[in-house]
There are 2 protein chains.
Amino acid sequence: MTTAISPRELAHPARDEIRLEGVLHALSDPMRLRVVRELAAAGAEVSCSSIELPVTKSTTTHHFRVLRESGVIRQTYRGTAKMNGIRRADLDALFPGLLDTVLSAAGQQAARLGTP
Amino acid sequence: MTTAISPRELAHPARDEIRLEGVLHALSDPMRLRVVRELAAAGAEVSCSSIELPVTKSTTTHHFRVLRESGVIRQTYRGTAKMNGIRRADLDALFPGLLDTVLSAAGQQAARLGTP
DNA sequence: CCACTCGTACGATAACCTTCGTAGTACGGC
DNA sequence: GCCGTACTACGAAGGTTATCGTACGAGTGG
């Protein structure tokens, strides 16, 4: 019950492998944008299941993988759960201000459209 | 030869119909991102044919239409040419800083990858 | 009027994306 | 050792996208 990090590793792109087009594509899906917003709001690491989406679990897995493979989030196994966190340092270094601008735009649009 | 604007009109989304997801999706294609970068660099209105892309003309038409329907650019007929301009006022009002951040990120990535 | 340029429309194709269901694996607790 | 939880893998269906080629319309200049 040490809750150690599993030896199982997940493939992540290195910082210099992250492409702007890939990040924009990852963020252009409503489900994924929602995930990123919740991760950003949570601040720290969050398990997959703590973010509720109106889709099945396999679809959720798919979206998390797209986010990971595009370099937006980092995923690590922690026992039976998988923790997710935004790669803020990498993204801010590569694309300064992009993440915050998108998040604030998403927040403003949600307020405008009345989506709490 | 007054070079008047043709009566032919093109459908554009109103400002409050523009969606962040649609804009991000439009910008997530390399061809379209390239078009937007050249339009932004040109500053003013630019004809479709003055932007050279490594695809056929029909594909170029397709990409311009995606950009127009997502609300990123405005297109107007001017005689035989079709002029294109970024909807900067609308985008800046809806998503402050987004366009500039994406453009600067695209510029930095192009420099990093050695794409002049 | 004729030719030329610019852009459109209409298939067609191949790839991709989102979504699902089912079956399976890894981990922790009893 | 056995069960439950958390997530994955593997198709598969249905829709969308990017690309092309060819044929067409709209405007300009001879």
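Chain A is the first sequence line, chain B the second, and so forth, proteins listed ahead of strands; every chain is numbered from 1.
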Practice problem: Can you run down the side chain to side chain donor-acceptor pair (under 3.5 Å) pairs that involve residues 85-100 of chain B, sequence neighbours left out, and say none if there aren't any? | Solution: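 Checked against side chain to side chain donor-acceptor pair (under 3.5 Å) - neighbours excluded - the pairs reaching residues 85-100 of chain B are Arg15(B)-Asp90(B), Arg87(B)-Asp90(B), Arg88(B)-Asp100(B).
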Sequence neighbours left out, what passes side chain to side chain donor-acceptor pair (under 3.5 Å) with [X]? Give chain and number order.
X	value
Glu69(B)	none
Thr61(A)	none
Gln75(B)	Arg68(B), Asn84(B)

Quiz item: In Å, rounded to the nearest 0.5 Å, how long is the span from OG of Ser50(B) to CG of Leu39(B)?
Solution: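 Rounded to the nearest 0.5 Å, the OG-CG separation comes out at 8.0 Å.
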Practice problem: For residues 47-56 of chain B, pull every pair meeting salt bridge (charged side-chain N to carboxylate O under 4.0 Å, His left out), keeping only residues two or more places apart or in separate chains. | Solution: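 Listed by first then second residue: nothing to list.
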Nucleotide N/O of nucleotides 20-22 of chain C paired with protein N/O under 3.5 Å:
from	atom 1	to	atom 2	distance (Å)
dC20(C)	OP2	Thr56(A)	N	2.9
dC20(C)	OP2	Thr56(A)	OG1	3.2
dC20(C)	OP2	Thr59(A)	OG1	2.9
dG21(C)	N7	Ser58(A)	OG	3.3
dG21(C)	O6	Ser58(A)	OG	3.3

Quiz item: Which of residues 60-72 of chain A sit near DNA chain D, with a heavy atom under 4.0 Å from it?
Solution: Thr61(A), Arg65(A)
Quiz item: Arg32(A) side chain N/O closer than 4.0 Å to the phosphate oxygens (OP1, OP2) of dT18(C)?
Solution: yes
Exercise. Can you figure out which of dT19(D), dG7(C), dC7(D) approaches the side chain of Ser47(A) most closely?
Key: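 That would be dC7(D).
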Quiz prompt | Which nucleotide in dC7(D), dT5(D), dC6(C) has an atom nearest any side-chain atom of Thr80(A) | solution = dT5(D)
Quiz item: Taking only residues two or more places apart in sequence or in another chain, which ones pass side chain to side chain contact (heavy atoms under 4.5 Å, CB included) with His63(A)?
Solution: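 With neighbours one apart ignored, the set is Asp29(A), Met31(A), Arg32(A), Thr59(A).
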Exercise. Can you sort out the partners of Glu45(A) under side chain to side chain contact (heavy atoms under 4.5 Å, CB included), two or more places apart, ordered by chain and number?
Key: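 By the side chain to side chain contact (heavy atoms under 4.5 Å, CB included) rule, Glu45(A) matches Thr76(A), Arg78(A), Met83(A).
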Quiz item: What's the CD-P distance between Glu52(A) and dA6(D), to the nearest Å?
Solution: 12 Å
